[in-house]
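On a predicted model such as this, the values are computed, not experimentally measured, just so you know. Convention: sequence-line order gives letters A, B, ...; per-chain numbering from 1.
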Number of protein chains: 2
Amino acid sequence: MSTRQRILDTALDSFGTDGVDGTSLDALARTLGLRKQSILYYYPSKAVLFEAVVDEAATRFAEALDEVVIDATDVWDQVEGTVRVVFRMATQRPALLGLLREASRPGSSVAVQLTGRLAGHIDAARHSLEIALKDGRVAGDDARLLLFSLYSTIMGVATEVEVLRAMGIEPSLRTLTQRRAELLRFLRAALDPAPASSVTLA
Amino acid sequence: MSTRQRILDTALDSFGTDGVDGTSLDALARTLGLRKQSILYYYPSKAVLFEAVVDEAATRFAEALDEVVIDATDVWDQVEGTVRVVFRMATQRPALLGLLREASRPGSSVAVQLTGRLAGHIDAARHSLEIALKDGRVAGDDARLLLFSLYSTIMGVATEVEVLRAMGIEPSLRTLTQRRAELLRFLRAALDPAPASSVTLA
DNA sequence: GGTCTCCCCTACCAATTGGTAGAGCCCGTC
DNA sequence: GACGGGCTCTACCAATTGGTAGGGGAGACC
């Protein structure tokens, strides 16, 4: 692998785990077996490096999502596929999700960049939801807000390990499987267009 | 207000908005109209200050949640109340939610502390859910995992403003109301124990 | 062999960081 | 008026930060 790519990869892991502010170029270079100046040779500043890392992460995320079939007639398959992809990342490369979290912090400078890279997937997902909503195959009012809720739930369940600990569950492969199953059940119930039995809950 | 309390308040806002690493004691002192050494007089180190801020935030959050009636017979009221509390914070003091986000980052040193402060509320909520699950008044398998999903959804929808922008919605008071309404509908559908019409989605 | 480009290095820098040491001020108590 | 504690200050520090300037080696091309 090229030095350039190695830097990008290592930076992604470090930024995603310790945060951008929590990662110094010196420390990054040390784990790479390089000097800081070699990093600055490829990426003229830390900000530029961060942008490149965000781009890389967004691209990888987008590529992973590409395996989710875009078929407007079956929204549930898309939800299930997305959950599968996100949870695979949560085990194989948690730093990538951490970086997305970092890059989507309120007021983040790279949020727009991230948004742009994923705009295609967002649009496709929204479009599917809109059609499904219109056909009554999914419960909800606004496709964008529904997508937002879905995103929040999936990413939260996949990444909020400290909250999970607070609930008394230690993150492990076994509990992760349970978490995913419960998440899918939860999402399915939320999307199900069956008429609400308002008597029970009201 | 005492200087000690002013420092705590300002630090909460700053830590919650710019992050701990993104906030220097000098900058903090400047906005307070003090010198850094005055901060260090009350809080001997930045780490101690951060812990105090986390404690403060957790306490305020807990106090706000106290207005949510704990009544095991009506889980939905609790969910609705929690959403109301969280959304009020999102408008009145977004930094507080930002700080919770910061403090619950994976690997956070203060996560345990935060957990401890909110343990009572977590337990109560789980207990309510367990009873409701047993009685069939709520759909789901595991109370803790269900609570985890609920938390993820609510906090995500309330705080992920950049993701909201990515969906094409600009955060404002009006859209916030819509967001809340859609969130409540979403959660209600997810919790509703009505039998799933599996034909539709499968 | 000369030269050019790519790549990584040493050396250095100004600014900022969290933190220490200690002086001085204000105010209530004796 | 002396004293003492509570509070904020000036002065200073070592370490770390992101970044600049520029040297040198190794290989490709002529």
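For the OP1/OP2 pair of C/dC7 and a distance below 4.0 Å, the side-chain nitrogens and oxygens of A/S38 include no atom meeting the criterion. Side-chain N/O atoms of A/Y41 include one lying less than 4.0 angstrom from OP1 or OP2 on C/dC7. Checking the phosphate oxygens (OP1, OP2) of D/dT8, a side-chain nitrogen or oxygen of B/Y42 falls inside 4.0 Å. Distances shorter than 4.0 Å separate some side-chain N or O of A/T3 from OP1 or OP2 on C/dC8.
Considering only residues two or more places apart in sequence or on other chains, A/D135 meets the salt bridge (Lys or Arg N to Asp or Glu O under 4.0 Å) condition with A/R137.
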>> Using the rule given for salt bridge (charged side-chain N to carboxylate O under 4.0 Å, His left out), can you reason through B/E63 versus B/R60, listing the C-alpha separation, both sets of side-chain angles and the distance that settles it, and then say yes or no?
In response: CA-CA 5 Å; B/E63 280 173 3; B/R60 297 217 182 185; over 6 Å; no
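Between A/R179 and A/L176 the shortest side-chain heavy-atom distance falls below 4.5 Å. In this structure, the side chains of B/L129 and B/Q78 stay at 4.5 Å or more apart for every pair of heavy atoms. Residues B/L184 and B/W76 have side chains in contact (heavy-atom distance under 4.5 Å, counting atoms from C-beta outward).
In the region residues 8-17 of chain A, proximity to DNA chain D at under 4.0 angstrom, judged on heavy atoms, holds for none of the residues.
Both the sub-6.0 Å distance and the 45° axial angle are satisfied by A/R4 relative to the ring of A/Y43.
When the P atom of C/dG24 is taken as reference, atom CZ of B/R35 falls 18 Å away, rounded to whole Å.
At distances below 3.5 Å, not a single donor-acceptor pair connects side-chain atoms of A/T10 with backbone N or O atoms of A/I7. Side-chain N or O atoms of A/E56 include none that pairs as donor or acceptor with a backbone N or O of A/L12 at under 3.5 Å.
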> Can you give one letter per nucleotide of nucleotides 13-22 of chain D, going 5' to 3': B for a protein heavy atom under 4.0 Å from the base, S for sugar-phosphate only, - for none?
Replying inline: ----SBBBB-
